[in-house]
Amino acid sequence: MKKDKKTITKNLDVTERKQAEEALVESEKKLHVLFETMSEGIVYEDHDGKIISANPAAERLLGLSLDQLQGRTSLDPRWKAIHEDGSPFPGETHSLSVAAKTGKPATGEVMGIYNPKLGDYVWLSVNSTPEFLPGEKEPFRAYAVFRDITERKQAEEKLRESEERYRDTLDNLIEGFYSVTPEGIFLYHNREFSRILGFDPDENLVGKRSPDFWQNPDDRKEYLEKLNKNGVIRNYLVLVKKKDVGPIFVELFSRLVRDTQNKPVRIDGAIIDVTERKRAEEALRESESKFKH
């Protein structure tokens, strides 16, 4: 017996609906597996700012179970949230809270959160996204995806401390150290460099153009030619102008730094004031000359 066209169409509709439902179930299963196994933490917050769901990675990173997380808000002082500079990070300004209330997404937020299981802070990079129901302008919830950047922050802190120690060391040396761009803009200098050239040791010259301290323009031309040719200059004795004092003798050590395309990117150098030594040598020569005569 032949099925009429209407019956066939109905059966096709049922089949397509069943396939769509099965596909949706399968998709939800995959999303659930991803939610449960991903290394990034995920927290869902409702419009009132209460946590309603979190994945295992979030529990681990925050040091709290799902039961402990549910119902908490960003305003809870137990988070002990801090900014990168160590200042308090108010809960009402957390990107997840803002996204849930205003519908404004945010990416790249960095915060420190106290993890009670570790008894220490973990540093998180957070992206927060609001979610809307069809036709609604206000979000009904928001979720935050965050990853652990504690090791990176610790490495940055060690690097900062190392650089501070290095700069402290340079500031207590008898050589004047400096770094400038090829155009002569200061990138760094220590206190002794400023003192040798007659500047206030506490004056920060970074970002400013290096003054023309060459006593003889030909010396500068010769120096730049040698530096471009050889890349390094050692023991370059030259007469320079000291601010408010006059010419002094310095020994100049310089290195031209190039990038991977061989383009000059900066000049690192050191100067030593040898004026007293030069005067002593000159006095000794004069004395020896008189003695010979």
Side-chain angles (χ1 to χ4, degrees), residues 20-157 159-160:
E21 289 172 352
E22 289 172 0
L24 179 60
V25 169
E26 188 63 27
S27 176
E28 288 177 345
K29 283 182 180 178
K30 289 178 180 178
L31 286 174
H32 181 72
V33 171
L34 180 63
F35 181 79
E36 292 291 319
T37 60
M38 65 189 297
S39 59
E40 290 85 359
I42 302 180
V43 167
Y44 280 88
E45 195 174 274
D46 64 19
H47 182 69
D48 295 325
K50 295 179 181 179
I51 293 176
I52 54 178
S53 181
N55 71 343
E59 295 179 70
R60 175 178 55 80
L61 291 172
L62 300 176
L64 298 167
S65 68
L66 180 58
D67 286 341
Q68 292 171 316
L69 286 169
Q70 285 178 324
R72 266 205 189 193
T73 71
S74 296
L75 299 177
D76 194 315
R78 289 175 293 178
W79 295 119
K80 301 179 183 178
I82 56 175
H83 287 287
E84 291 184 87
D85 61 2
S87 62
F89 200 144
E92 61 270 17
T93 64
H94 294 184
S95 64
L96 178 58
S97 179
V98 173
K101 287 180 170 57
T102 68
K104 295 179 180 178
T107 60
E109 177 183 65
V110 175
M111 67 163 61
I113 292 287
Y114 184 76
N115 183 313
K117 280 192 176 180
L118 298 177
D120 201 355
Y121 276 86
V122 294
W123 286 96
L124 306 173
S125 176
V126 185
N127 295 336
S128 297
T129 305
E131 289 190 313
F132 302 85
L133 292 173
E136 296 290 332
K137 292 184 178 180
E138 284 192 358
F140 74 101
R141 69 180 182 186
Y143 65 92
V145 179
F146 47 91
R147 58 188 178 89
D148 188 355
I149 59 168
T150 306
E151 288 187 2
R152 191 194 81 188
K153 289 291 294 179
Q154 290 172 342
E156 289 174 353
E157 181 63 20
L159 178 61
R160 185 188 63 78

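Each residue takes its place number in the sequence, starting with 1. Computed from a predicted model, the values in this text were never measured in an experiment.
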Residue list, side chain to side chain contact (heavy atoms under 4.5 Å, CB included) with [X], at least two apart or on another chain:
{"X": "Arg78", "value": "Arg72, Asp76"}
{"X": "Leu61", "value": "Leu124, Phe146, Asp148"}
{"X": "Asp48", "value": "Asp46"}

When rounded to the nearest 0.5 angstrom, what is the spacing between [atom1] in [X] and [atom2] in [Y]?
{"X": "Gln68", "Y": "Ile51", "atom1": "CD", "atom2": "CD1", "value": "11.5 Å"}
{"X": "Ile149", "Y": "Trp123", "atom1": "CD1", "atom2": "CH2", "value": "8.0 Å"}
{"X": "Glu45", "Y": "Thr73", "atom1": "CD", "atom2": "OG1", "value": "7.0 Å"}
{"X": "Ile113", "Y": "Leu118", "atom1": "CD1", "atom2": "CG", "value": "13.0 Å"}
{"X": "Ser53", "Y": "Leu66", "atom1": "OG", "atom2": "CG", "value": "6.0 Å"}

Exercise. So which pairs with a foot in residues 80-90 pass salt bridge (charged side-chain N to carboxylate O under 4.0 Å, His left out), sequence neighbours left out?
Worked result: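 Qualifying pairs, neighbours excluded: Glu84-Lys153.
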Exercise. Quick one: salt bridge (charged side-chain N to carboxylate O under 4.0 Å, His left out) pairs with a partner in residues 114-124, sequence neighbours left out?
Worked result: none
For this session: Please list all pairs passing the side chain to side chain donor-acceptor pair (under 3.5 Å) test where one or both residues lie in residues 88-114, with sequence neighbours left out.
Result: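 Listed once each, the pairs are Ser95-Glu109, Ser95-Ser128.
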For this session: Report the residues that fulfil ring pair (Phe, Tyr, Trp, His ring centres under 6.0 Å) with His47, sequence neighbours left out, ordered by chain and then residue number.
Result: none
Exercise. Got Leu96 and Val126 here, is their nearest side-chain heavy-atom distance under 4.5 Å?
Worked result: no
Exercise. What residues, two or more places apart in sequence or in another chain, satisfy salt bridge (Lys or Arg N to Asp or Glu O under 4.0 Å) together with Arg152?
Worked result: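 Glu156.
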Exercise. Which residues satisfy the salt bridge (Lys or Arg N to Asp or Glu O under 4.0 Å) test with Glu157, sequence neighbours excluded?
Worked result: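 Counting only residues at least two positions away or on another chain, Glu157 forms a salt bridge (Lys or Arg N to Asp or Glu O under 4.0 Å) with Arg160.
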Exercise. Restricting to pairs with a member in residues 51-76, which pass ring-ring contact (aromatic ring centres under 6.0 Å, His included), not counting sequence neighbours?
Worked result: none
Problem set entry | Contact list for residues 61-83, test ring-ring contact (aromatic ring centres under 6.0 Å, His included), sequence neighbours left out |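 For residues 61-83, and leaving out neighbouring residues, the ring-ring contact (aromatic ring centres under 6.0 Å, His included) pairs sorted by first residue read His83-Phe89.
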Exercise. Minimum heavy-atom separation for Gln70 to Ile52, with atom names?
Worked result: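 Result for this residue pair: NE2-O, 3.2 Å.
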For this session: Determine the minimum heavy-atom distance between Ala54 and Ala58, stating which atoms define it.
Result: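 In terms of heavy atoms, the two residues are closest at CB-CB, 4.1 Å.
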For residues 138-145, please give each side-chain donor-acceptor pair under 3.5 Å, one per line with the distance, not counting sequence neighbours.
{"unit_1": "Arg141", "atom_1": "NE", "unit_2": "Glu131", "atom_2": "OE1", "d": "2.4"}
{"unit_1": "Arg141", "atom_1": "NH2", "unit_2": "Glu131", "atom_2": "OE1", "d": "3.0"}

